[in-house]
Protein chains: 2
Amino acid sequence: MAHAAEIVRKGRKFDQVLQGARQVFLADGFEGASVDDIARAAGVSKATLYSYFPDKRLLFMEVARLECLRQGEESLALIEVAATPRMVLKEAAERMLGFLLSDFGQRVFRICVAEADRFPELGRQFYETGPMMVRNRLTEFLTECVDRKQMEIDDIELAADQFAELCKADLFPRLVFNIDATFSEAEIARVIDGAVETFMARYAI
Amino acid sequence: MAHAAEIVRKGRKFDQVLQGARQVFLADGFEGASVDDIARAAGVSKATLYSYFPDKRLLFMEVARLECLRQGEESLALIEVAATPRMVLKEAAERMLGFLLSDFGQRVFRICVAEADRFPELGRQFYETGPMMVRNRLTEFLTECVDRKQMEIDDIELAADQFAELCKADLFPRLVFNIDATFSEAEIARVIDGAVETFMARYAI
DNA sequence: CACCATATAAACCGATCAGTTCAGTTTCAA
DNA sequence: TTGAAACTGAACTGATCGGTTTATATGGTG
């Protein structure tokens, strides 16, 4: 973790700084957030902020790193193996969309996309704790299904990715391009059920 | 077209300005692009630029509007109805990915996502000439398939959206988060074939 | 109490950038 | 050829922002 080497972690206000930074970065993005705003939001002087983080970039990376970790931990909740594949898929879809459609998930995504070339490491970090995590969990589960002869899948990783994408149908474009900010239960259920049905039609035995 | 009302269109260098703006905006985004850079790239003085476009925002919107139009026109090429559904889907997938994976498509997407809240109209514009266009074309085709009893689909629009999403499996996240910038023919073929197979498994009679 | 790390407010610096101004030059059509 | 419209380049304004500095205050510890 070379990037954290220069960060001084001791001090009473360290957490305050991170908390304020998180709030402002998430609301305004990297360029949009001013250090003065962050200091104000954190209830801390700019000098204090700079005593912890030598520059804005590093502060941003630390916030992003923590958010990625948080996201990763959340998705680690176990998948119930006792249930039917249909139920498991539905559960997984609900969890995925729960994050993707949340105000918070949306902001993180937007920032990652926007800053992906300014912060090359950031994109990878988000990818690994997000989409890749989802794929791994799903791959695990699908492998079990194949072993139990419930499904027949030649390319399991592709199948996992397909399911993840199916869950975004309609909803994701509308969200990403700011057509809608929230969706009704019915809209979400329509997409999830559709995803499960299509997936099962292809892969269930 | 209220937003274009203030734009003066006459003058020798009008197109030069747009062309330079397109180049710089696409490379650097809205905030990242400086008006001086644009003027330089356009081979035009800043005063001339401002004589056409009263401010940077308006210039950006005009560039984005034209790009959206261009994109829309491109996707309007007819779908060959004589071919089998499988072939039509494959063709549609190739065209979609051709745009999405191109350096240019990627930049436009990135900018739209990043500036979606700074330019509310921009997101909608892109959505309507992009994802919505694709959905409409696909919906048309799928309706024909249903009429011809080649497929059985209860929610045709959802099916269209599903197919579009299936085409993005694996590739899109990797692109968006800057994991990879280009993909091999084999990688693309794998995803397209997978998308067609899954789609047909669900909906073909 | 005295010390020292920590924190603060506010002024300040240098750079960048959108947008303006202006005196002078080019272009082109009548 | 002439005159107006279009264009130029360069300087300038005013504002924002990242980052630094300084003089001062606070609070816990030995």
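All values reported here derive from a predicted model rather than from experimental measurement. Chain A is the first sequence line, chain B the second, and so forth, proteins listed ahead of strands; every chain is numbered from 1. Keep in mind that the numbers below use all heavy atoms, side chains included, and drop hydrogens, waters and symmetry copies.
- Between the C1' atom of dC17(C) and the CZ atom of F60(B) lies a distance of 17 Å, rounded to the nearest Å.
- Distance, D37(A) CG to dG19(D) C1': 15 Å, rounded to whole Å.
- The nearest whole Å value for the distance from the CG atom in D36(A) to the C1' atom in dA9(C) is 12 Å.
- Within a heavy-atom distance below 4.0 Å of DNA chain C, the residues of residues 38-50 of chain A found are G43(A), V44(A), S45(A), A47(A), T48(A).
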Practice item. Take F141(A) and F163(A) through the test ring pair (Phe, Tyr, Trp, His ring centres under 6.0 Å) and record every step on the way to the result. Key: CA-CA 12 Å; F141(A) 167 71; F163(A) 183 70; 9.2 Å; no
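- For the pair L58(B) CG and dA18(C) P, the interatomic distance rounds to 15 Å; values are reported in whole Å.
- A donor-acceptor contact closer than 3.5 angstrom is absent between the side chains of Y52(A) and E62(A).
- Here the P atom of nucleotide dG19(C) and the CG atom of D55(B) are 5 Å apart, to the nearest Å.
- Spacing between atom CD of E31(A) and atom P of dG18(D) amounts to 8 Å, rounded to whole angstrom units.
- A sub-4.0 Å separation between OP1 or OP2 of dA6(D) and a side-chain N or O of Y52(B) is absent.
- A search for side-chain hydrogen bond (donor to acceptor under 3.5 Å, both in side chains) contacts involving E91(A) returns R95(A), not counting sequence neighbours.
- Ion pairing of R110(B) with D117(A) is absent here, as no side-chain N (NZ or NE/NH1/NH2) approaches a carboxylate O to less than 4.0 Å.
- Between F25(A) atom CZ and dC17(D) atom P the separation is 13 Å, expressed in whole Å.
- Regarding contacts with the backbone of dA7(C), every side-chain N or O of K13(A) stays at 4.0 angstrom or more from both OP1 and OP2.
- Regarding F14(B), its CZ atom lies at a distance of 16 Å from the C1' atom of dC7(D), rounded to whole Å.
- Comment: R137(A) engages E140(A) in a salt bridge, judged by a side-chain N to carboxylate O separation of less than 4.0 angstrom.
- Using a 4.0 Å cut-off between a side-chain N of Lys or Arg and a carboxylate O of Asp or Glu, K168(B) and D161(A) do not qualify as a salt bridge.
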